[in-house]
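Have a look at the structure below before the remarks.
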Protein chains: 2
Amino acid sequence: MNKTKQDIRKDQILDAALSVLVQKGYERSRMDDVVQESQLSKGAIYWYYKSKKEMYLDLINFWVLRYSVTLNHIVEEDAPPSQQLKDLFKYFIDQNESDPQPFVALTEFWSMAQKDPDFRKKLQKVYTHFLELIEEIIYRGVHSGEFKKVNGRITALSIMVNIESINWFTLFEAHGVSVTEYMETITDFILAGLLKKHEEKIT
Amino acid sequence: MNKTKQDIRKDQILDAALSVLVQKGYERSRMDDVVQESQLSKGAIYWYYKSKKEMYLDLINFWVLRYSVTLNHIVEEDAPPSQQLKDLFKYFIDQNESDPQPFVALTEFWSMAQKDPDFRKKLQKVYTHFLELIEEIIYRGVHSGEFKKVNGRITALSIMVNIESINWFTLFEAHGVSVTEYMETITDFILAGLLKKHEEKIT
DNA sequence: TAAAATAGACCGACCGGTCGGTTTATTTTA
DNA sequence: TAAAATAAACCGACCGGTCGGTCTATTTTA
């Protein structure tokens, strides 16, 4: 797991790429911006990536990999599904608070996905995997009797969408509602819809 | 309310602009594309709009105006708030089904809002107004006793986010879940969280 | 073991196409 | 017939990608 020189360079490039992407978006981001931000040269960057597009596609890999470690950990931990969901929400709230850049970048990738099939396919894969994770939690909850018998796929979709709504706060004025406050309310809201009521549990 | 020649021309331009925007996104959309799509000339377009940016900013106005007619109608109709919310959801589902283009364009405007303060301000205004509409419905519901005493702003935000999630389906594969099916489930979900349970109503 | 050879990493000036916007000429309208 | 509207040729800043070349570290050779 120790990084080679090449991995370090790629990190260096992708760090710069993310920063530029968030500031300017895909189209307006210049390879020369990445050159400057990364303190490397154009030649160096094109040594590691054959095109602007390849570089940004790899940026998705980079972040998926980074997040998936914790995500898998949450799913595999030995906790009641309701707690797992809470952890999931909390993880994204914390991540967004400590560094919203990847979230902002996601908006840009959405926009890219609309135009470019390669970006679409890549994002599709990311989402499919993420949805499967959530669905897994839901299934366990339903199976163990903690959750109502809901449609796992639709519920997972809904949860995912609500997590993504974190982004709304990065961009717009919410008139006095904080992200944390909002997300906590949403978490309760979703869990209220999922958890069996006490009477039902007994029967 | 009858349209002048100029209004017609602007419609013609903005129709083309939307079409191009959806296909290529803001940056990759060429004014020459709009020229071709609108069957006009560059001179004509720059006669009505002083820049690419102005044109696209006006595209937002165009659609806000178009939607706001029905939206206001829904809020002002004499129906129980729960029904108003259902109508709201239904309206967007129908709109998306008959023509998803404006929804796709919204993703692009999100991306624009991140980079350009003018787009951000404009979208902020749109969202603020829309949130106020929803909040108004919520308030009435709470006041009339149909709804629980929820935080109007947060609930409105949540509803809006869920409506926007329609877009997810335009872009990605949901593995067998249809937009309509999804949205109907979500509507029920939200209303379940909002409506007082029968026992509570009686007391 | 010093010189020669090779490979990998990196540099940055430069080229060629692109596209928002301008200009100028022409046609339509009132 | 003057103003409004439209047409289309044109300008030039801009930027992704290229390429000849350098620099450093490792390996081979004699």
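Worth saying up front: this structure is predicted, and the values here are computed from it rather than measured. Reminder, nothing fancy here: chain letters follow the sequence lines and each chain counts from 1.
- Residue A:Arg9 places at least one side-chain N or O under 4.0 Å from the OP1 or OP2 atom of C:dC10.
- In plain terms, the two heavy atoms of A:Arg28 and A:Asp33 that are nearest each other are O-OD2, 4.1 Å.
- Base contact: B:Lys42 has a heavy atom under 4.0 Å from a base atom.
- The separation between B:Lys52 atom NZ and C:dC19 atom P is 9 Å, rounded to whole Å.
- With the nearest nucleotide of DNA chain D identified for both A:Arg30 and A:Gly43, A:Arg30 has the one nearer the 5' end.
- If you take CD of B:Glu54 and P of C:dG20, they are 16 Å apart, rounded to a whole angstrom.
- If you find the closest nucleotide of DNA chain C to A:Tyr48 and to A:Asp32, the one lying nearer the 5' end belongs to A:Tyr48.
- Looking at heavy-atom distances under 4.0 Å, A:Ile45 makes no contact with the nucleic acid at all.
- Under the 30°/60° scheme for interplanar angles, the aromatic rings of B:Tyr182 and B:Phe169 are found to be tilted.
- Using a 4.0 Å cut-off, some side-chain N or O of B:Ser41 falls inside it from OP1 or OP2 of D:dA7.
- A:Ser29 comes within 4.0 angstrom of sugar-phosphate atoms only, judged by non-hydrogen atoms across all strands, and of no base.
- Under 4.0 angstrom from either OP1 or OP2 of C:dC10 there lies no side-chain N or O belonging to A:Trp47.
- Between the CD atom of B:Glu27 and the C1' atom of D:dC14 there is a distance of 13 Å, given to the nearest Å.
- Straight-line distance from the CE atom of B:Met31 to the C1' atom of D:dA8: 15 Å, rounded to whole Å.
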Give the C-alpha distance, both sets of side-chain angles, the deciding distance and a yes or no for side chain to side chain donor-acceptor pair (under 3.5 Å) between B:Thr107 and B:Asn167. CA-CA 8 Å; B:Thr107 309; B:Asn167 245 346; 3.2 Å; yes
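- Between B:Tyr127 and B:Trp110, the ring-plane angle classifies as perpendicular under the 30° and 60° cut-offs.
- Counting to the nearest Å, the P atom of D:dC14 and the NZ atom of A:Lys24 are 11 Å from each other.
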